[in-house]
Asker: 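Sharing a structure, written as structure tokens. Questions coming.
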2 protein chains.
Amino acid sequence: MGHLPTTARGRATRARILESAADLIQRRGVAAVTLDDVERAAGVGRSQLYHYFDDRDDLIRSVVHSTVDTVLAAQEPLLLEVDSPAGIDRWFDAIVANGTRQDAVGGCAIGSLASQLSGRDDLTRQAFVDAFARWEAPLIAGLRRMQESGELRPDVDVTELADLTMAAIQGGLLLAQVRRTPDQLRLALRGARAALEDALTPLS
Amino acid sequence: MGHLPTTARGRATRARILESAADLIQRRGVAAVTLDDVERAAGVGRSQLYHYFDDRDDLIRSVVHSTVDTVLAAQEPLLLEVDSPAGIDRWFDAIVANGTRQDAVGGCAIGSLASQLSGRDDLTRQAFVDAFARWEAPLIAGLRRMQESGELRPDVDVTELADLTMAAIQGGLLLAQVRRTPDQLRLALRGARAALEDALTPLS
DNA sequence: CCTGCTCTGTACTTTCCAATACAGAGATTC
DNA sequence: GAATCTCTGTATTGGAAAGTACAGAGCAGG
């Protein structure tokens, strides 16, 4: 890992590099982004890149971590409320809305990176394992609260339900990316929603 | 597109190039595969590559088409029988088995390519739209037969059910690739299976 | 101010890899 | 069996992009 900045200016520069790189990668894919591109987009020189990052691979890894943090931070408020059907609906709606943004190519920022890079080395793959685990944790916690409060049948495995939901999200986003329409994402989420419905306790 | 081979030897060489390239790409990702790699793996010289393909991009496009054909051909016998719960189970089992193969990194050959390349140009993206459509068609047809025979409720939208299933498969395979375990794939498919179960006519 | 640090700008070197050139081997037709 | 295709091997070129060198600017503490 390259030098971490100590001054405010340094932090701003490093952040700007990561932001630009993440944006470019998100749009064009990891392979199609050169260091020159990043420099131009971030308005920095070559020396800055190598001041803050060891090499290109280090930059990519940093982008992965940064992207994961950004995505999770953006969803955090919603993820804390996934302990009711209504809360889950709000979360799903946000995912659909995000996947429908005009500027977005569609697809999941994390999922896209994962399928591009998880075959690279085990360290990188592990980063995605962690990312998905962090993403799933609040969902599992929310479902567990629902189970404890009696909303969810006690015999359902909440981790399985969460895994199933994550798979639906990822698959839906991938197909939405290919077809450039959120329809299939909506359907996939509806499927996950149905699985949740099944796990609810029959109306008391 | 480069010259199509006219002799048996030529066909064998072209096929060997495509096979090696597809294998390398599947394992390392499109970006990490060089023409030298392909040459070495296929045991051919540089001139062969440029004899059968215009340039690198043409080779990649050809790999995409070839991969789609291979995957669909491999599943064809099972896909023709997805007109009963048992047939669908057999299909799902095959997908899980395929994702669990020792040599396979996991992930869907088509899905991985799609998320790497669908952002490239519209022509490439369209290839994946077609691929998924071709893949989904026999499933839709099977479900429709089930509906006509009364096995499936008449009010369910079979294309929605098929879309949902494809999303589950893709998401499950992506997560299986990241976690290197088929567990999540199995769960995702179980979710799709449950959605199907819901659509069956209540036991007569 | 001056000393030592972090940070930045530019020009250069090196490596890698796609693409080409060209000659030679193998096949096919008449 | 000569002529002309298709196919193959090796060596080279050209360009792009990663990585390096080094000097200079900005900013702290004494």
Side-chain angles (χ1 to χ4, degrees), chain A residues 1-25 27-64 66 116-117 119-121 123-124, chain B residues 1-25 27-64 66 116-117 120-121 124:
Chain A
M1 198 187 283
H3 289 345
L4 286 177
T6 63
T7 73
R9 184 166 64 136
R11 268 188 298 278
T13 302
R14 197 185 121 103
R16 199 148 28 92
I17 292 172
L18 279 176
E19 201 180 329
S20 303
D23 182 59
L24 287 170
I25 286 174
R27 246 201 303 260
R28 302 190 214 158
V30 176
V33 175
T34 71
L35 296 187
D36 291 295
D37 293 335
V38 176
E39 285 171 29
R40 234 170 297 136
V44 301
R46 176 63 43 112
S47 56
Q48 271 101 314
L49 290 190
Y50 283 91
H51 185 71
Y52 295 112
F53 308 96
D54 289 336
D55 51 19
R56 189 177 188 275
D57 276 6
D58 185 38
L59 173 62
I60 302 294
R61 272 194 300 275
S62 302
V63 167
V64 169
S66 152
Q116 287 181 63
L117 297 174
R120 184 169 279 204
D121 55 303
L123 207 76
T124 308
Chain B
M1 196 187 280
H3 289 345
L4 285 176
T6 64
T7 73
R9 187 166 63 134
R11 271 188 296 279
T13 302
R14 199 185 120 101
R16 198 147 30 92
I17 292 172
L18 279 176
E19 201 180 330
S20 302
D23 181 61
L24 286 170
I25 286 174
R27 245 201 303 261
R28 301 190 214 156
V30 176
V33 174
T34 70
L35 295 187
D36 292 294
D37 293 334
V38 176
E39 286 171 28
R40 235 171 295 136
V44 301
R46 173 65 41 116
S47 57
Q48 270 101 315
L49 290 190
Y50 282 91
H51 184 72
Y52 295 112
F53 307 96
D54 289 336
D55 51 19
R56 188 176 188 276
D57 276 5
D58 185 38
L59 174 62
I60 302 293
R61 272 194 300 273
S62 302
V63 166
V64 169
S66 150
Q116 288 179 61
L117 296 175
R120 183 169 281 203
D121 55 304
T124 308

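We name chains A, B, ... by the order of the sequence lines, and we start the count at 1 in each one.
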Asker: Could you check how far CG of A/D37 sits from P of D/dA17, rounded to whole Å?
Answerer: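 Those two atoms, CG and P, are 7 Å apart.
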Asker: Go nucleotide by nucleotide along DNA chain C from the 5' end; which of B/D36 and B/T7 gets its closest nucleotide reached first?
Answerer: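 Looking at DNA chain C, the more 5' nearest nucleotide goes with B/D36.
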Asker: Taking the side chain as every heavy atom from C-beta outward, state whether A/I17 and A/L59 have any atom pair closer than 4.5 Å.
Answerer: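 Yes; the side chains approach each other to less than 4.5 Å.
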Asker: Grab the CZ-P distance between A/R9 and C/dC5 for me, whole Å please.
Answerer: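 Result: 17 Å.
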Asker: Measure from the side chain of B/Y50, starting at C-beta and using heavy atoms only, and say which of C/dT8, C/dT20, D/dG19 lies closest.
Answerer: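 The answer is C/dT20.
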Asker: Over how many whole Å does the gap from B/Q48 atom CD to C/dA23 atom C1' extend?
Answerer: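 Rounded to the whole Å, the gap is 14 Å.
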Asker: Name the nucleic acid region contacted by A/T6, choosing base, sugar-phosphate or nothing; use a 4.0 angstrom heavy-atom cut-off, strictly under.
Answerer: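 The answer is sugar-phosphate, as A/T6 gets under 4.0 Å only of primed atoms, P, OP1 or OP2.
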Asker: OP1 or OP2 of C/dA18 sitting under 4.0 Å from any side-chain N/O of B/R56?
Answerer: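 The answer is yes; a side-chain N or O of B/R56 sits under 4.0 Å from OP1 or OP2.
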Asker: Which nucleotide wins on minimum distance to the side chain of A/S47, given the candidates D/dT8, C/dG9, D/dA18?
Answerer: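 Closest nucleotide among those given: C/dG9.
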Asker: Just wondering, do B/D36 and B/R46 contact through their side chains at under 4.5 Å, heavy atoms?
Answerer: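 SC-SC contact between B/R46 and B/D36 confirmed.
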Asker: Classify the nucleic acid contact of A/R46 as base, sugar-phosphate or nothing, counting any heavy atom under 4.0 Å across all strands shown.
Answerer: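 Result for A/R46 = base.
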Asker: Could you state the CG-C1' distance from A/L35 to C/dC12, rounded to the nearest angstrom?
Answerer: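 Distance, rounded to whole Å: 16 Å.
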Asker: Could you give the CZ-to-C1' distance, from A/F53 to D/dT20, as a whole number of Å?
Answerer: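 Between C1' of D/dT20 and CZ of A/F53: 18 Å.
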Asker: For residues A/D57 and A/R120, determine if any side-chain heavy atom of one lies less than 4.5 Å from a side-chain heavy atom of the other.
Answerer: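 Side-chain contact under 4.5 Å: yes.
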Asker: Going by distance alone, is a donor N or O of one side chain under 3.5 Å from an acceptor N or O of the other, for A/T34 and A/D37?
Answerer: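 Indeed, the side chains of A/T34 and A/D37 share at least one donor-acceptor pair under 3.5 Å.
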Asker: What's the CD-C1' distance between A/E39 and D/dA18, to the nearest Å?
Answerer: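 Nearest whole value for this atom pair: 10 Å.
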Asker: Starting from P on C/dC5, measure out to CG on A/L4 and report it in whole angstrom.
Answerer: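 Rounded to whole Å, this separation is 18 Å.
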Asker: To the nearest angstrom, how far is B/I60 atom CD1 from C/dA19 atom C1'?
Answerer: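 Taking CD1 of B/I60 and C1' of C/dA19, I get 15 Å after rounding.
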Asker: Categorize B/Y52 for me: base, sugar-phosphate, or nothing, with a 4.0 angstrom heavy-atom threshold over every strand shown.
Answerer: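 The answer is sugar-phosphate, as B/Y52 gets under 4.0 Å only of primed atoms, P, OP1 or OP2.
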Asker: Measuring from the side chain of A/H51 (C-beta onward, heavy atoms only), which nucleotide among C/dC7, D/dT8, D/dA18 has the closest atom?
Answerer: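 Selected nucleotide (nearest to the side chain): C/dC7.
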Asker: Side-chain contact, heavy-atom cut-off 4.5 Å: B/L35 with B/Y50?
Answerer: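 Contact flag for B/L35/B/Y50 side chains = yes.
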